[in-house]
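Lettering of chains follows the sequences in order, A, B, ..., and the numbering in each one begins at 1. As the structure is a prediction and not an experimental result, all values here were calculated from the model. Only this structure's heavy atoms are used, side chains among them; waters, hydrogens and symmetry mates stay out.
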Number of protein chains: 2
Amino acid sequence: MKSVKITAGLTYKEFFVRKMTREILAGKWNPGDRLPSERELAAELGIGKTVVHSGIEQLAAMGLVDIKPKSGVYVADYMNTGNIETLNAIVHLNGNELSWEVTVAILDLRLAIEGMALRALCFTRCAEDIVRLRAMTAQIRDHSHHSAVEELAELFFRWHREICILSGKSILTLFMNTMHDVSIAFWVNYLRMYGPSFAIDRLERFITLIEARDGEGAYKLLAIGIADYLSRLENEAGDKRERLNSIFG
Amino acid sequence: MKSVKITAGLTYKEFFVRKMTREILAGKWNPGDRLPSERELAAELGIGKTVVHSGIEQLAAMGLVDIKPKSGVYVADYMNTGNIETLNAIVHLNGNELSWEVTVAILDLRLAIEGMALRALCFTRCAEDIVRLRAMTAQIRDHSHHSAVEELAELFFRWHREICILSGKSILTLFMNTMHDVSIAFWVNYLRMYGPSFAIDRLERFITLIEARDGEGAYKLLAIGIADYLSRLENEAGDKRERLNSIFG
DNA sequence: TAACAAGAACTGGTCGGACCAGATTGTCTC
DNA sequence: GAGACAATCTGGTCCGACCAGTTCTTGTTA
């Protein structure tokens with residue numbers, strides 16, 4: 001008789017990883033705490049130890065726990081020793097809500113990565129690159145009438161990744177992909193703020209600058225767009241405060 | 001009778017992942033190629049299919065393969081869809097040699113990440129932060145007489161990560177940790193170029209600027225250090241060319 | 001001979017038991 | 001009380017059994 005209630009579609013392992021992630025990030029376990037042994041967790045949940053072990057390995061790869069062989073599994077000081085997967089877990093637990101700090105950090109890194117790629121691409125671009133970017137933009141425009149915002153977010157992410165690919169700077173592409181999950185969360189918020197139309201027009205402005213080989217112009221467009229988004233975010237936070245003030249006094 | 005010759009200390013899974021990584025990155029399989037089925041690979045190597053499957057899952061997490069259920073496992077277009085683990089694998093296969101492109105990209109990202117952290121820390125730092133950084137620096141100096149360069153590299157990485165931790169910008173810390181493996185490779189090269197003494201003196205200059213709350217000064221020190229390193233790297237490449245010229249004509 | 005349906009074989013996916021090696025704790029003897 | 005040995009604990013690894021869906025092969029019917 002299993003004690004685990006399996007949510008539709010989740011394997012035991014997925015259920016276990018989600019449950020432990022939630023508990024760790026919710027503070028049920030603090031950094032340094034020793035988790036129950038794999039056998040205890042397996043017995044408690046009514047699943048096999050190998051599944052638990054596999055789940056714990058995943059938690060370790062996510063930076064949430066440290067495994068000490070022969071000793072036990074300890075909650076890691078994950079905000080200090082964690083990695084991008086830690087951040088992805090935090091963001092996912094928050095329903096893909098990005099805090100101000102996360103947003104600033106993501107966008108600054110994006111400026112660094114995509115800034116380099118844009119400059120390089122403006123220098124090296126060929127005609128097929130422009131055709132490629134235009135085709136992708138048109139595809140996004142087609143989709144914008146009937147696709148969910150998450151789908152659109154994926155398409156925007158891929159457009160900007162294509163900048164890195166076309167620039168020939170493979171490493172920048174790898175870094176950008178590494179930030180995929182948090183970037184999708186960002187694009188969802190961005191599309192909600194500006195709407196798909198505005199966002200697509202901006203893509204076309206990038207293409208114009210790339211066609212003109214204006215690396216500094218393209219970089220500036222990126223930087224200005226980022227600054228505007230952050231400014232709007234701040235204003236929305238201010239608006240929320242004003243609305244609360246008018247309700248409560 | 002196992003057909004796998006196990007290198008000392010490697011599990012079947014580790015052996016399998018290394019073998020496949022080497023073959024994929026060496027071009028034995030091209031992006032889009034379908035790998036032999038898990039059962040075929042298992043039979044060929046004389047190990048269990050589950051181990052092969054587990055290894056393939058790891059290769060997928062590394063961005064090297066795409067798994068299509070019921071169809072097969074295909075080599076991914078990993079330079080376009082891969083992630084930081086892809087880069088780590090490439091660097092590791094090259095005996096931790098960093099190409100110029102990788103070095104430039106890493107350092108630019110580091111400038112973005114640590115630049116933000118330095119500025120923030122100079123603004124918010126307290127006395128204990130300075131004490132902490134001084135203690136870490138002294139520890140590094142103690143180790144520099146008898147430690148291997150890889151150990152020193154780890155200590156330098158942690159010193160710079162501590163900047164992020166002390167800045168209170170957790171997200172920057174997570175990003176920095178994400179770049180841990182390639183950063184270690186960089187620090188090894190850096191220490192070989194400048195020597196531990198010089199590198200430690202530079203840490204102390206950072207501390208002086210942080211103590212003085214000179215965010216722009218600290219950022220400049222970082223940027224200048226990076227530019228100098230890249231310049232020397234270029235000169236070394238030039239020196240190699242000159243030496244070859246004088247040998248061959 | 002061609003088309004359709006059923007069965008077999010294939011694919012990756014998941015799970016749990018068996019066993020391993022080393023660390024830690026408990027028990028017994030001196 | 002100290003030391004030696006055994007038992008128990010820990011995480012670690014591997015494998016066979018079974019699953020679900022896809023694709024290919026074979027047999028039957030028109």
**Request:** Could you check whether the rings of A/His180 and A/Phe157 sit parallel, tilted or perpendicular, using 30° and 60° as the cut-offs?
**Result:** perpendicular

**Residue A/Val73, side-chain atoms from C-beta onward, closest of C/dT14, C/dG12, D/dG11** = D/dG11

**Request:** Please state whether the rings of A/Phe186 and A/Tyr229 are parallel, tilted or perpendicular, taking 30° and 60° as the class boundaries.
**Result:** perpendicular

**Message:** Side chain of A/Glu38, heavy atoms from C-beta onward: which of D/dC15, D/dT10, D/dG11 has the nearest atom to it?
**Reply:** D/dG11

**Donor + acceptor pair across side chains of B/Ser197, B/Tyr194 (<3.5 Å)** = no

**Prompt:** Where does the angle between the aromatic ring planes of A/Trp187 and A/His160 fall among parallel (under 30°), tilted (30 to 60°) and perpendicular (over 60°)?
**Reply:** parallel

**Asked** Does the C/dG17 base have a donor-acceptor partner in the side chain of A/Thr50 within less than 3.5 Å?
**Response** yes

**Value in whole Å for how far the P atom of C/dT14 lies from CZ of A/Phe16** = 16 Å

**Item:** Spacing between B/Tyr12 atom OH and C/dC19 atom P, to the nearest angstrom
**Value:** 16 Å

**Asked** How close or far is atom P of C/dC10 from atom CZ of B/Arg39, stated in whole angstroms?
**Response** 9 Å

**Asked** Looking at A/Ser167 and A/Ala120, what are the two nearest heavy atoms and their distance?
**Response** CB-CB, 4.1 Å

**Fill in**
DNA chain C nearest-nucleotide lookup for A/Lys49 and B/His53: closer to the 5′ end is B/His53

**Message:** From C-beta outward on A/Ile67, which listed nucleotide comes closest to its side chain: C/dG12, C/dT14, D/dG11?
**Reply:** D/dG11

**D/dT10 phosphate, OP1 or OP2, under 4.0 Å from A/Ser37 side-chain N/O** = yes

**Item:** Between C1' of C/dT11 and CG of B/Leu41, the distance in whole Å
**Value:** 13 Å

**Request:** Measure the distance from CZ on A/Arg34 to P on D/dC9 and round it to the nearest whole Å.
**Result:** 12 Å

**Fill in**
Taken to the nearest whole Å, CZ/A/Phe15 to P/C/dC15 is 12 Å

**Request:** To the nearest Å, give me how far apart CD (B/Glu57) and P (C/dT11) are.
**Result:** 17 Å

**Per B/Ile47 side chain, nearest of listed nucleotides C/dC15, D/dG11, D/dC15** = D/dC15

**Request:** For A/Ile56 and D/dG11, give me the distance from atom CD1 to atom C1', rounded to whole Å.
**Result:** 9 Å

